[in-house]
Structure formats: structure tokens, C-alpha cells
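So the structure is just underneath, and the comments pick up after that.
Not measured: the values here are computed from a predicted model.
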Amino acid sequence: MILNGYLMVDDGEGRSQLRFGTIRLDGERIASVELSDVEPADLSRRHCVICPGFVDAHLHLPQFGIIGAHGRPLLNWLNEVTFPAEEAWSDKNRAAAQTSLALDRLVASGTTAFAAFATVHHDAAKTALQLADERGFRATIGQVLMDQYAPRSLCRPAEQLLDEANQLGNLFPPTGRVAAAVSPRFALSCSAQLLSGAGRLASEQGAVMQTHLAETQAECDQVREVFEKSYVDVYRDAGILTSRTLFGHGIYLDSADRAQLAKAHSKIVHCPTANDFLNSGAMDWQALRESSIALAIGSDIGAGYETSMVRVAREMILTASRLTGASPSAAEAWYAITTGNAKALGWSDAGQLTPGSTADLVVIRPEIDWLSPEVDPLKRMLFAWDDRWIDQVLLRGKTAFSRC
């Protein structure tokens, strides 16, 4: 297959740029990328944009059906809305059906790779991993680990959870295109035994570790009351502060917290739409960047209400701008939801248009005059974004979604 148009490529400085060119595919891989220094003569023609598939660094597969439960703070939202929805995944068939619908939503929005939480149910988590693999996604998915401060029906003994997570890691190792993540939900829902066991398991397997950190002030206060130490110190002492760890949110962090995270090379996954929806607060993008903390970005479905990573990236810019006046550029935002997130997840074969990378692509046909010289094209596309511009999505070189 040969595709030509404006290619969204990495500029080598943490930004995306548009270059006219041609991509040739060979089966599941990109065989070659040829960039042109000459713009096409007919700029009035509606040239397509060929973009790496979008990467979502934080979402919850069981929560696509609860999007819109507005008006509750985090801990109430979990107890009143989320946990009842997750209890339904005790039925493996229902989990499979909901996972399939979630994957449909993701690919239709241009997302070809993601990091996700399932539920505490082992069979459901295994089914989610299998379905993502069969559909051709690049993904890391974890069985939720939780043994306290949750409904009894969703708590499991620490030893059982760790054994089940180990089984998933053996079935879907880190070397696979779809891999099992070690996923303690957050400090409050895990005993010290479960947290330290999760830290050891992730280290032994070399697996991605994903959890939540400092999303609300009330949560931080409760963590300190239960563990008698700071949130970051809880994770440090459990062996969870590592370079493979993705911490969702990271809103309420002081300078000492940021220094520890930076030293460990842990990643913070910014979830701006979810933070706004639950009125949790605003992550200080500028402070984290100045602390040299690696940042990723996630939809956090279903507190997050946008499946489109383009709109999530737009909200990242607006959140930072409202908070400090300093914000990522549009070029940095496009990079974040493609190459940047892929790098945060340790994936060298995703999120970029380079020879040898997997052919996970989004073909975009903007229905506006996006090449107008008055506004930067990347900025114009970002702020005027419409999912109906997605013409085709390829997973492993095969059409997974088509508007036609």
C-alpha cells in the first residue's frame, strides 16, 4: 500500500511537524517514508494528513458505559457509580461485550494503542487482553489489584491477586504487542502487602506498572491518615517508584514529591478532561516539566468524557493556560498523543512514522481550509477538530475503521 499527503512526523525536539511525502507499507510495517522539500503546487486540493495512530496512556475499559456521571467528587464517584459498573465484569461474557464496544469506540476515534485498567476479575482481564490482541491494537492492560476500602465483592486476598497477575504476565509478557500491566488501583484500595507484592512482581516481569496518584486533596489526606506517610512515600516504600511506572493524575504534589518522581524517572499521566469533570483540580504542567518529570496524557475514560485524544490534548493546553498562562504548543500536543505517549509506555514501534514501525495509521481529511496561512495548520486542526475527518484507521497495516 502507498499513501501520500501531509505526514505528521517527529521534529526531533518533542514536537510534531507536517511534511509532504509518501509512505509505503509492507504488510504490518512501514517500509519507507519519503519526505519532500517541495510543497504540492495545487494547495487548493484537499490533501489528506497521515498521522501515527493516537496513543492513550490511561483509561478504564469497564467505564465506557458510565461516561457522564457528573456532580460527584472522586471517592463518591467510585463508590456510587464506578464500583457497581465494575461488579458486572464478574460475567466474562458481559466483560467481552463491553470490551469489544470500547475497542470500537477507540479505533473510531483514531486510537490504536493504549494503557488500560480492567477489573479485579481475572477471567475478564484475560478476555480483554485477548480481544485487544485479536483486533490488532498495541496495548498494555492490567487486572485491577484491590483488597481493601472497596465493596467486598470487588476485594480479593492479596496472594490471590498477585498470583493471577503473575499468570497474566506469563500469558502476555512485556515483549508482546499486547502485554499485561501490573495495576494496583491506588494506595487506599491496597494493603501494604499487596502494594509491595505488586512492586516485586512488576520488577520480576519487567512489566509496566500503572496506578493513580494524588488526584484529589481528600484522597491525599486519607492516604496520609491510613499509611502515616505521604502518597509518594507509600509508593516508594512499596517499590513502585520506577522508570516503568505510570502514575495517573499527579495533581497534588509538592517539590519533594516531584524530586522523588524525577529521580525515579517515573511518569505522570495527565488526564485533563477527567480532572475537570470530577472537579479534582488542575495539574501544574509547567511545574512538572520544570522538575524534569516525564509526562504522558490520557483520556481516563470514564471520568474522562472524551474518547478523542485530540480533544484531550486540546484540554491539556487550555488547562495549563488557565492555571499559569504557560502551556504546550499545538505541535507539542500532537507529539504528546503520538510519539510522546508511545515513548512513555516504552514502545519503540508505535506512535511514529518511521521505517520499521508498525503500520498503525490515521488518515485524516480535514473539511476546513486548514492550510490557510493565517493560522498554524497544527493549531487549526487541533482546535477545529472533528472526528468525522477521520477517513481511515489502519491497525498492523489493515483497515480497522473506514468512514466510507
Side-chain angles (χ1 to χ4, degrees), residues 56 58-69 72 74-106 114-135 137 139-172 178-191 193-195 197-198 201-202 207-212 248 274 299-304 307:
D56 189 339
H58 185 103
L59 63 88
H60 296 259
L61 288 170
Q63 295 181 18
F64 277 74
I66 62 169
I67 293 172
R72 299 171 174 86
L74 172 67
L75 298 178
N76 288 8
W77 177 81
L78 284 171
N79 288 316
E80 297 168 11
V81 180
T82 305
F83 290 151
E86 293 191 3
E87 285 173 331
W89 272 42
S90 61
D91 181 339
K92 184 176 70 172
N93 293 328
R94 181 163 184 174
Q98 290 189 349
T99 298
S100 293
L101 289 173
L103 296 177
D104 288 344
R105 292 278 304 277
L106 290 170
F114 60 87
F117 293 76
T119 65
V120 299
H121 308 97
H122 178 68
D123 288 342
K126 182 165 68 174
T127 297
L129 283 155
Q130 291 168 337
L131 289 173
D133 193 28
E134 290 169 5
R135 292 281 293 271
F137 285 87
T140 182
I141 301 171
Q143 177 180 345
V144 170
L145 310 181
M146 187 162 60
D147 66 348
Q148 64 179 23
Y149 289 98
R152 186 171 299 176
S153 60
L154 291 177
C155 289
R156 303 284 186 275
E159 290 184 3
Q160 176 187 336
L161 288 168
L162 294 169
D163 178 63
E164 290 173 345
N166 182 56
Q167 292 178 45
L168 289 179
N170 291 331
L171 288 171
F172 297 91
V178 172
V182 178
S183 307
R185 186 176 213 112
F186 69 141
L188 283 177
S189 64
C190 299
S191 64
Q193 177 190 359
L194 182 54
L195 284 175
L201 180 60
V208 166
M209 165 74 74
Q210 58 178 357
T211 187
H212 299 78
S299 67
D300 196 23
I301 299 294
T307 55

Original post:
If you take all heavy atoms of Leu106 and Phe137, which pair is closest and at what distance?
Top reply: CB-CE2, 4.4 Å
Name each donor-acceptor pair under 3.5 Å that joins a side chain in residues 120-132 to protein atoms two or more places apart or in another chain, with its distance.
unit_1: His121; atom_1: ND1; unit_2: Thr119; atom_2: OG1; d: 2.7
unit_1: His122; atom_1: ND1; unit_2: Gln143; atom_2: OE1; d: 3.1
unit_1: Thr127; atom_1: OG1; unit_2: Asp123; atom_2: O; d: 2.9

Original post:
Are the side chains of Glu134 and Val178 in touch, meaning some heavy atoms are under 4.5 Å apart?
Top reply: no
Subject >> Close side-chain approach of Asn166 and Leu162, heavy atoms under 4.5 Å >> reply: no
Original post:
Yes or no on side chain to side chain contact (heavy atoms under 4.5 Å, CB included) for Leu75 and Tyr149, after CA distance, side-chain angles and deciding distance?
Top reply: CA-CA 10 Å; Leu75 298 178; Tyr149 289 98; over 6 Å; no
Original post:
Considering all heavy atoms of both residues, which atom of Ile67 and which atom of Arg105 are nearest to each other, and what is their separation?
Top reply: CD1-NH2, 4.2 Å
**OP:** Check Thr140 against Ala180 and note the closest heavy-atom contact, atom names and distance.
**Re:** OG1-C, 3.9 Å
Subject >> Donor-acceptor contact present, side-chain Ser189 to main-chain Gln148, <3.5 Å >> reply: no
Subject >> Partner residues of Asn76 under the side chain to side chain contact (heavy atoms under 4.5 Å, CB included) criterion, sequence neighbours left out >> reply: Arg72, Pro73, Glu80
Subject >> Non-hydrogen atoms of Gln210 and Gly142 that approach each other most closely >> reply: NE2-N, 3.7 Å
**OP:** Please answer whether the main-chain N or O of Pro184 pairs with a side-chain N or O of Thr211 as donor and acceptor at a distance below 3.5 Å.
**Re:** yes
**OP:** Quick one: do Arg185 and Leu78 satisfy side chain to side chain contact (heavy atoms under 4.5 Å, CB included)? Show the steps, please.
**Re:** CA-CA 11 Å; Arg185 186 176 213 112; Leu78 284 171; 4.1 Å; yes
Original post:
Do you know which two heavy atoms are closest between Val182 and Ala207, and how far apart they sit?
Top reply: CG2-CB, 4.1 Å
**OP:** For Gln193 and Ala158, work out which heavy atoms get closest and say how close.
**Re:** CD-CB, 3.9 Å
Subject >> Check: Asp91 side chain, Arg94 main-chain N or O, donor-acceptor pair, under 3.5 Å >> reply: yes
Original post:
Under 30°, 30 to 60°, or over 60°: which ring-plane class applies to His58 and His212, parallel, tilted or perpendicular?
Top reply: perpendicular
Subject >> Trp89 vs Leu61 side-chain heavy atoms within contact, under 4.5 Å >> reply: yes
**OP:** Spell out, as yes or no, whether a donor-acceptor pair under 3.5 Å connects the side chain of Asp147 to the backbone of Ser191.
**Re:** yes
